[in-house]
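Encoded as structure tokens, the structure appears first; notes follow it.
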Amino acid sequence: MRKNRKHSLFLRALGIVLLPRILQAGDLSPKDLFLAAVKAPTAPYQGTRTIITWFGEESHAVEARVYFKPPSLWRQEVLSPKGEIERVVIQNGETEWVWETESQILIKRAGKKNRPFYTALENYNLVSRGKEDVMGEETAIIELVPKSSGSPTRALWVDPRNGIILKIKQTNSDGSLATEAHFTDIDMEPDLPDDLFEPPDAPVLNEEPRKVAANTQELPEVFREIPWMTTLVNGFQLTAATLVPLGDEEAVHFQYNDGLSVLSLFVSPRPIQMNPPSHQVVLTQYEDPGFILSTSAGNVIEWKQGGAYFLLIGELSQAALQTIMEFIRNPS
Amino acid sequence: MNCNEAKDYLPDLLCQEMEEDRERALRQHLAHCASCAEELEGLQAVRMALQKEPPVRMPQEIRRAILLKAEEHFASPIESRWRIVLKPAFAFSLIGLLAAGILYFMHFTKEKPVPLEFFLAEHTRALSKGALARRTIAAASPYYSLQPLITQ
């Protein structure tokens with residue numbers, strides 16, 4: 001009996017000593033890797049990253065220098081094709097500054113918080129795809145496969161020691177490439193002074209936040225009859241409803257999220273100028289230290305309902321947007 | 001005030017229709033200018049002589065002839081008055097004016113469409129932190145600019 005207890009204690013001690021080494025070797029579960037990747041990295045770094053976006057038959061490449069210092073200081077310098085700095089983005093977790101070097105405009109706005117990454121665990125299957133060497137660093141590959149059809153699939157190359165994503169690839173539901181971003185050089189032990197994360201001394205333009213509506217009663221009177229939907233199909237949850245000024249009138253912007261993708265539903269009192277009523281559009285590249293929400297081409301779909309004009313924008317397939325549209329039109 | 005100006009104002013002085021400052025200036029000039037003072041006296045004499053005469057009445061024939069002409073003018077047939085309206089140039093101008101009015105009315109009362117790019121920019125705004133988006137959208141749309149999204 002005593003011998004067994006000694007044996008158990010020995011095994012526990014061995015586990016405590018060996019577990020970090022096992023994890024360091026990249027044996028974290030896909031879920032733990034994912035959670036490590038979406039948090040800010042635990043180590044500082046600086047490097048150059050290339051982001052390539054495909055939309056239709058066209059592609060667009062951007063190069064950026066990135067500096068990160070834990071827990072939340074981040075700087076990105078977007079480079080022109082000639083290698084000159086076009087734009088500097090600085091974040092400290094609560095505030096974001098965007099410095100447009102050519103126009104000398106410094107924009108200040110609130111940083112985003114509470115990103116619903118945990119929802120992604122419900123809407124995506126996390127699949128381990130083994131290991132791969134990226135720029136001399138061993139990375140673990142996880143793939144985020146959507147449970148609903150029509151959403152993009154993402155693959156992440158994560159350094160398990162610090163959660164830095166060294167490469168990300170996003171493919172559309174039809175298998176075509178949407179975005180690829182990867183480091184072309186990286187220094188994991190940089191000495192980064194704090195003033196690198198200070199905005200330049202220039203007049204500040206404060207970006208005015210949109211008015212938020214918490215329920216139907218806070219919407220403009222013309223929209224009181226539209227359904228207030230907290231959930232849509234494909235796992236999209238309502239994260240915010242804001243009012244967008246349109247001259248003397250207002251449109252409503254319902255923002256939905258499935259943990260990785262953002263879906264916008266606009267309800268406008270005025271028609272939307274688009275031809276044809278549904279087609280592919282260039283969306284955006286979104287970045288932060290985790291840069292997991294990198295998006296690219298997307299689709300739009302527009303329809304009229306109850307005297308108002310509805311517009312869905314998202315990086316979903318046209319068929320998936322159609323399904324969501326039908327759900328909104330006939331929620332029962 | 002010189003003589004030319006003074007002579008212009010003499011009738012006003014007679015009719016007592018002058019501003020105070022100008023009248024003072026005129027009277028100062030008349031005190032030193034014999035020529036203008038003489039002209040004023042002449043005007044006053046004519047005025048007094050006219051006031052003494054009895055009023056002259058218009059001869060009945062002339063009065064009747066004027067009234068007859070006026071009657072002829074205002075009593076002209078309707079067709080002749082509309083003749084100008086029926087002239088092609090006038091008609092086309094009127095039609096053009098009406099069409100412009102209708103177009104103006106339709107343009108400002110119809111629901112003006114909002115460009116898709118506006119909503120794309122709002123979508124971007126909701127998720128953007130890296131600001132690369134602004135460039136992408138800007139490149140994609142002639143409508144988009146940074147200004148609608150910010151206030152000073």
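Quick caveat: nothing in here was measured; it's all calculated off a predicted structure. Residue numbers start from 1 in every chain, and the chains themselves are labelled A, B, ... in the order their sequence lines are given, proteins ahead of strands. Only this structure's heavy atoms are used, side chains among them; waters, hydrogens and symmetry mates stay out.
- Contacts between A/I272 and chain B at a heavy-atom distance below 4.5 Å involve backbone atoms as well as side-chain atoms.
- B/P113 has its side chain out of reach of A/Y309: every pair of non-hydrogen atoms, C-beta onward, lies at least 4.5 Å apart.
- More than 12 heavy-atom neighbours from other residues, nucleotides or ligands sit within 6.0 angstrom of CD on B/E5.
- The CG atom of B/L120 lies 8.0 Å from the CZ atom of A/F266; values are rounded to the nearest 0.5 Å.
- In this structure, the separation between NE2 on B/H123 and NE2 on A/H253 is 7.0 Å, given to the nearest 0.5 Å.
- Contact of the B/F118 side chain with the A/L246 side chain is registered, since non-hydrogen atoms from C-beta on lie closer than 4.5 Å.
- Heavy-atom contacts from other residues, nucleotides or ligands closer than 6.0 Å to CD of A/E102 number 12 or fewer.
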